[in-house]
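This is a predicted model, so every value here is computed, not measured. We number each residue from 1, following the sequence as shown.
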Amino acid sequence: MFGLGWPEMLALVVIALLVFGPDKLPGAAAQAGRMLRQVRQMANNARNDLQDNLGPEFKNFDPTDLHPKNFVRKHLLSDLEDDWNRPAAKVDDPSSPYDEPYAMAGAGGELKYGEIPPYDSEAT
């Protein structure tokens, strides 16, 4: 939980006992639990209000997708993963649904030893 191990949890309990005392500790723990529940409820209400006010096209909107790491993974890396997972196209196959750049390196899709790769003037 939160990257804390047993020694850290034990240290927090001992510190809480020293700060609050044994008679006030249960009340402080109950108050912290109520506060956490209220914060969680406020966050859920804010997310629901945001989804309701954005309209039907944002029905599946999740605010965690706005985190930069999740945004990059969802919008940029998913396209790369799709490209990596699709098979190489054949040059002589006119019915191939794949783009032309995937078929530039000869009929097998790979360069042979010593073969010079094709020059693309737009790439440099």
Side-chain angles (χ1 to χ4, degrees):
M1 175 169 81
F2 303 117
L4 298 177
W6 287 108
E8 291 90 358
M9 293 292 285
L10 183 62
L12 287 175
V13 169
V14 169
I15 292 172
L17 274 172
L18 292 174
V19 170
F20 294 110
D23 46 333
K24 292 184 182 178
L25 185 61
Q31 185 178 2
R34 281 192 300 271
M35 186 175 65
L36 181 64
R37 188 173 31 249
Q38 286 177 343
V39 167
R40 190 177 295 152
Q41 185 179 15
M42 287 179 4
N44 286 336
N45 288 340
R47 182 179 55 218
N48 291 337
D49 287 346
L50 184 64
Q51 288 176 346
D52 291 342
N53 292 331
L54 285 177
E57 55 272 349
F58 292 100
K59 185 177 80 172
N60 295 330
F61 175 72
D62 188 14
T64 58
D65 291 340
L66 298 177
H67 188 278
K69 186 185 288 186
N70 295 339
F71 186 83
V72 168
R73 184 180 300 128
K74 181 177 180 182
H75 293 287
L76 297 179
L77 297 181
S78 65
D79 293 340
L80 290 176
E81 290 172 358
D82 292 344
D83 290 345
W84 291 333
N85 291 332
R86 69 179 174 185
K90 301 291 184 190
V91 173
D92 54 353
D93 185 10
S95 65
S96 176
Y98 304 119
D99 300 329
E100 185 63 29
Y102 292 102
M104 287 179 62
E110 295 180 5
L111 293 175
K112 305 290 186 268
Y113 180 76
E115 187 177 354
I116 299 173
Y119 177 75
D120 186 7
S121 61
E122 294 177 5
T124 56

Residue that, paired with N44, satisfies side-chain contact (heavy atoms from CB on, under 4.5 Å) out of R40, M42, Q41: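 For N44, the side-chain contact (heavy atoms from CB on, under 4.5 Å) test succeeds with only one of R40, M42, Q41, which is R40.
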Just to verify, which of L18, L12, L17 counts as forming a side-chain contact (heavy atoms from CB on, under 4.5 Å) with V14? L18
Show every donor-acceptor pair shorter than 3.5 Å between a side-chain atom in residues 49-56 and any protein atom, with sequence neighbours excluded, or say none if there are none.
from	atom 1	to	atom 2	distance (Å)
Q51	NE2	F61	O	2.5
N53	ND2	D49	O	3.2

Test side chain to side chain contact (heavy atoms under 4.5 Å, CB included) applied to A46 - qualifying residues, sequence neighbours left out: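 A46 satisfies side chain to side chain contact (heavy atoms under 4.5 Å, CB included) with no other residue.
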Hydrophobic clustering (ILVMFWY, side-chain heavy atoms < 4.5 Å, transitive) - are L10 and I15 grouped together?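 Cluster IDs for I15 and L10 differ.
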